[in-house]
2 protein chains.
Amino acid sequence: MEQNVIDASGLLAISTRLQRLSDQIRKDGLLIYKAFGIDFQPKWFPVLYTLYKKSTMSVVSLSDEIGYAHPSTISLLKELEKEKFIRSKKDKVDTRKRLVELTEKGTTLLSTMEPVWEVIIKATAEITNTENNLMKAINEVESSLKEKSFLQRAEVYIKK
Amino acid sequence: MEQNVIDASGLLAISTRLQRLSDQIRKDGLLIYKAFGIDFQPKWFPVLYTLYKKSTMSVVSLSDEIGYAHPSTISLLKELEKEKFIRSKKDKVDTRKRLVELTEKGTTLLSTMEPVWEVIIKATAEITNTENNLMKAINEVESSLKEKSFLQRAEVYIKK
DNA sequence: ATAATATATGTAGTTAGCTACATATATTTG
DNA sequence: CAAATATATGTAGCTAACTACATATATTAT
């Protein structure tokens with residue numbers, strides 16, 4: 001059971017480890033879409049999937065929904081608009097708001113993607129269905145952090 | 001129990017979720033170092049910690065050890081050299097190699113960091129010690145992926 | 001009905017990794 | 001031992017998120 005120094009450092013490197021795993025999964029995700037002949041970038045998923053489920057949303061509410069800072073969402077929307085997967089219109093009641101929705105082309109894309117999602121879900125289930133389930137662990141950790149942040153928890157030990 | 005669309009999409013968004021969590025932990029990590037008055041960036045951790053444990057290493061072996069592409073390591077080393085935490089010298093046997101090691105200043109920094117690590121370890125343990133342990137889950141998933149990649153697993157379902 | 005504040009969107013620039021390519025030196029092979 | 005290949009390092013530019021700041025419109029408080 002060989003272990004490198006970073007693995008051995010365990011908790012200290014948790015952020016690095018999470019990022020590495022995220023990248024690896026994202027890259028494989030891209031290859032899976034390609035294998036289905038779908039021209040789709042995994043980073044588009046949160047925006048498109050949310051619009052698929054909720055139809056029309058403003059930029060900020062979409063950002064909140066997917067948990068991104070709004071400028072991140074704006075730049076994704078710009079790409080998606082260029083690809084003609086989404087369109088936007090002004091909110092007539094609150095003119096500050098830009099309402100975003102899928103186009104026909106976007107809706108079509110999303111429906112061709114449904115079988116891919118099934119494959120992704122199965123493959124992910126296979127991978128995460130270990131003794132400690134990754135998705136459940138993420139959910140649990142996120143809810144611990146929501147209750148009391150990492151920093152707040154550390155502060156308790158600092159004061160001692 | 002309110003849930004946003006992305007959370008509800010579960011496995012599909014796993015890469016996004018991992019990244020978000022990683023960022024959150026990294027940011028809090030930075031704040032903890034600050035709370036101790038240590039001028040240290042979490043991204044330096046893998047390189048410095050590895051050099052602390054293994055003393056002298058070449059660029060590539062260091063990259064392999066921490067699991068980074070070598071250009072990433074090089075750019076970290078550049079910063080760390082500027083901060084005078086590390087220095088490098090030519091390998092006399094294999095002149096292609098650049099051997100990297102901590103300076104006095106680097107070693108001093110690392111030893112002032114040990115108490116911070118203890119705090120980080122405790123706080124992280126608190127957070128990850130849920131029903132499904134995040135660190136264990138990451139280890140398990142990484143070893144599943146080493147055995148058979150995400151794409152290879154998906155291919156099985158595609159062929160059906 | 002102003003003035004002050006809050007919210008929505010947008011732009012610019014940063015970050016922490018990456019891949020692709022280039023070059024120098026070692027090692028292996030015919 | 002020369003040619004081919006492999007390894008070590010380095011540079012340039014990409015990516016997918018971010019923060020900080022700016023502006024326009026709504027809402028709230030006096």
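Here is the naming used below: chain letters follow the sequence lines, and residue numbers restart at 1 for every chain.
Of the inter-residue distances, the one linking Thr107(B) atom OG1 with Tyr52(B) atom OH reads 8.0 Å to the nearest 0.5 angstrom. Separation of atoms CG (Leu145(B)) and CG (Leu21(A)) is listed at 6.5 Å; rounding is to 0.5 Å.
Contact annotation: Ser75(A) does not reach the phosphate of dA16(D) (side-chain N/O to OP1 or OP2, under 4.0 Å). For Arg26(A), a side-chain nitrogen or oxygen approaches OP1 or OP2 of dA17(D) to under 4.0 Å. Side-chain nitrogen and oxygen atoms of Gln19(B) include none within less than 4.0 Å of the OP1 or OP2 phosphate oxygen of dA16(C). A close approach under 4.0 Å does occur between a side-chain nitrogen or oxygen of Ser72(A) and OP1 or OP2 of dC18(D). Residue Thr95(A) places at least one side-chain N or O closer than 4.0 Å to OP1 or OP2 of dA26(D). For dA26(D), neither phosphate oxygen OP1 nor OP2 lies less than 4.0 angstrom from any side-chain nitrogen or oxygen of Lys97(A).
Between Leu99(B) and Asp91(A), the residue anchored closer to the 5' end of DNA chain D is Leu99(B), taking for each the nucleotide with the nearest heavy atom. In this structure, His70(A) and Glu79(B) both approach DNA chain C, and ranking their closest nucleotides by distance from the 5' end singles out His70(A). Along DNA chain C, the nucleotide nearest Pro42(B) and the nucleotide nearest Ser61(A) are compared for position; the residue whose nucleotide lies closer to the 5' end is Ser61(A).
The distance from atom CG of Asp94(B) to atom P of dT9(D) is 8 Å, rounded to the nearest whole Å. We find that CG of Leu76(B) is positioned 11 Å from C1' of dT15(C), with the value rounded to whole Å. dA17(D) atom P lies 11 Å from atom CZ of Arg20(B), rounded to whole Å. Atom NZ in Lys43(B) sits about 19 Å away from atom P in dA17(D), given to the nearest Å. With rounding to whole Å, Trp44(A) atom CH2 is found 12 Å from dA17(D) atom P. Regarding Lys90(A), its NZ atom lies at a distance of 7 Å from the P atom of dG10(C), rounded to whole Å. Taking atom CD1 of residue Ile66(B) and atom P of nucleotide dG17(C), one finds them 8 Å apart after rounding to whole Å. In this structure, Ile74(B) atom CD1 and dT23(C) atom P are separated by 16 Å, rounded to whole Å.
One cannot find a donor-acceptor pair under 3.5 Å joining the base of dT9(D) and the side-chain atoms of Arg98(B). The base of dT7(D) is paired with the side chain of Arg96(B) by a donor and an acceptor separated by under 3.5 Å.
For Lys27(A), whose side chain is taken as the heavy atoms from C-beta onward, the closest listed nucleotide among dA16(D), dT9(C), dT19(C) is dT19(C). Of the candidate nucleotides dT25(C), dA16(D), dT19(C), dT19(C) has the atom lying nearest to any side-chain atom of Ala69(B). Closest to the side chain of Pro71(B), out of dA20(C), dT25(C), dA8(C), is dA20(C). Picking from dC18(D), dG17(C), dG10(C) the nucleotide with the shortest atom distance to the side chain of Asp23(B) gives dC18(D). Considering only the side chain of Tyr68(A), dC18(D) comes nearest among dA6(C), dA8(D), dC18(D).
Contacts of Gln24(A) with the nucleic acid, taken as non-hydrogen atoms under 4.0 Å apart, are absent.
More than 12 heavy-atom neighbours from other residues, nucleotides or ligands sit within 6.0 angstrom of CD on Glu114(A). Other residues, nucleotides and ligands place no more than 12 heavy atoms under 6.0 Å from the CD atom of Glu131(A).
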Validation: residues 24-34 of chain B side-chain donor-acceptor distances under 3.5 Å, sequence neighbours left out:
| from | atom 1 | to | atom 2 | distance (Å) |
| --- | --- | --- | --- | --- |
| Arg26(B) | NH2 | Gln19(A) | OE1 | 3.0 |
| Asp28(B) | OD2 | Phe150(A) | N | 3.2 |
| Asp28(B) | OD2 | Leu151(A) | N | 3.3 |

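Using modelled atom types, one finds a donor on one side chain and an acceptor on the other under 3.5 Å when comparing Glu81(A) with Ser88(A).
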